[in-house]
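Read the structure below first, then the notes.
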Amino acid sequence: TRALALEAKDLEALRRAMAEYDGCELKKGARNLVFSDGNSAADVMVIGEAPGKDEDHAGRPFIGPAGQLLDKMFAAIGRTREATVAQEAMYLTNVMPWRLPQNRDPLEDEIDMMVPFVRRHIALVRPKVIVLMGNIACKALLGQTGITQLRGTWTEVEAIPALPMLHPAYLLRRPDAKADTWRDLKAVMAKLKEVS
Ligand code: URA
């Protein structure tokens with residue numbers, strides 16, 4: 001997948017390469033490839049885990065309950081998927097472009113297979129700031145897990161500032177953790193100001 005990913009010279013070519021890639025069994029069980037949503041010119045790129053049922057049906061990331069919370073979180077710092085201005089927009093993708101059976105976590109091999117596509121995706125979008133949403137995004141791109149420890153501390157992915165944050169699906173179960181997320185969203189806002 002590394003060679004296929006590097007061959008893709010723009011987002012449409014990357015989407016095509018991923019759609020045509022037959023090496024991952026998960027493709028067979030999924031209804032749609034879930035590539036991305038939002039504005040690819042946005043200065044912030046959010047990387048989630050994998051599509052759920054709603055996303056698999058629609059072919060768009062983050063549209064179920066967790067996605068609706070994600071939209072509210074980013075609206076609170078003035079960001080929407082629809083905005084045409086880079087500084088008001090956001091761009092969303094996932095580590096895994098296909099839904100997993102019973103929404104299980106992806107295996108290490110499955111992540112390793114798909115991560116060159118995510119890295120290429122980042123390189124083509126070149127956002128100013130990356131948000132790593134939850135454990136799987138951190139595992140894939142940092143090689144680390146333990147999101148409650150990792151969250152809130154800046155790191156880098158592809159030489160771009162990246163902040164691990166709690167996944168909105170986690171916040172739906174643990175609303176008491178929303179204060180941490182608010183702190184992290186403010187840190188994202190501050191970083192965007194700093195790097196622009
Ligand atoms: N959770 C994710 O991480 N991504 C989605 O697209 C939907 C739910």
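Both backbone and side-chain heavy atoms feed into the values below; hydrogens, waters and symmetry mates do not. Numbering starts at 1 and runs along the sequence shown. All ligand and atom numbering here is 1-based and tracks the order in the structure.
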Please list, in number order, the atoms of ligand 1 under 4.0 Å from a heavy atom of E49.
2 (C), 3 (O)
Are F62 and I77 connected into the same hydrophobic cluster when the rule is that any two of I, L, V, M, F, W, Y join if their side-chain heavy atoms are below 4.5 Å apart?
yes
For the hydrophobic clusters of this structure (ILVMFWY residues joined by side-chain heavy atoms under 4.5 Å, transitively), does one cluster hold both M90 and L69?
yes
Nearest heavy-atom approach of A162 to L132 is CB-CD1, 4.2 Å
Quick one: does N103's side chain have a donor or acceptor within less than 3.5 Å of a partner on G52's backbone?
no
As an exercise, identify every atom of ligand 1 less than 4.0 angstrom from a heavy atom of G48.
3 (O)
So, regarding A50 and ligand 1 (criterion: nitrogen or oxygen to nitrogen or oxygen, under 3.5 Å), is there a contact or not?
yes
Under 3.5 Å donor-acceptor, R79 side chain and A89 backbone
yes
Under 4.5 Å between any side-chain heavy atoms of R99 and E55, yes or no?
no
Protein residue, atom and distance nearest to atom 4 (N) of ligand 1, heavy-atom basis
N94 OD1, 2.8 Å
N or O pair under 3.5 Å between P61 and ligand 1:
no
Option set M96, R99, R60, H167, criterion heavy-atom distance to atom 3 (O) of ligand 1, minimum
H167
If I apply the N/O under 3.5 Å rule, does E55 come out as touching ligand 1?
no
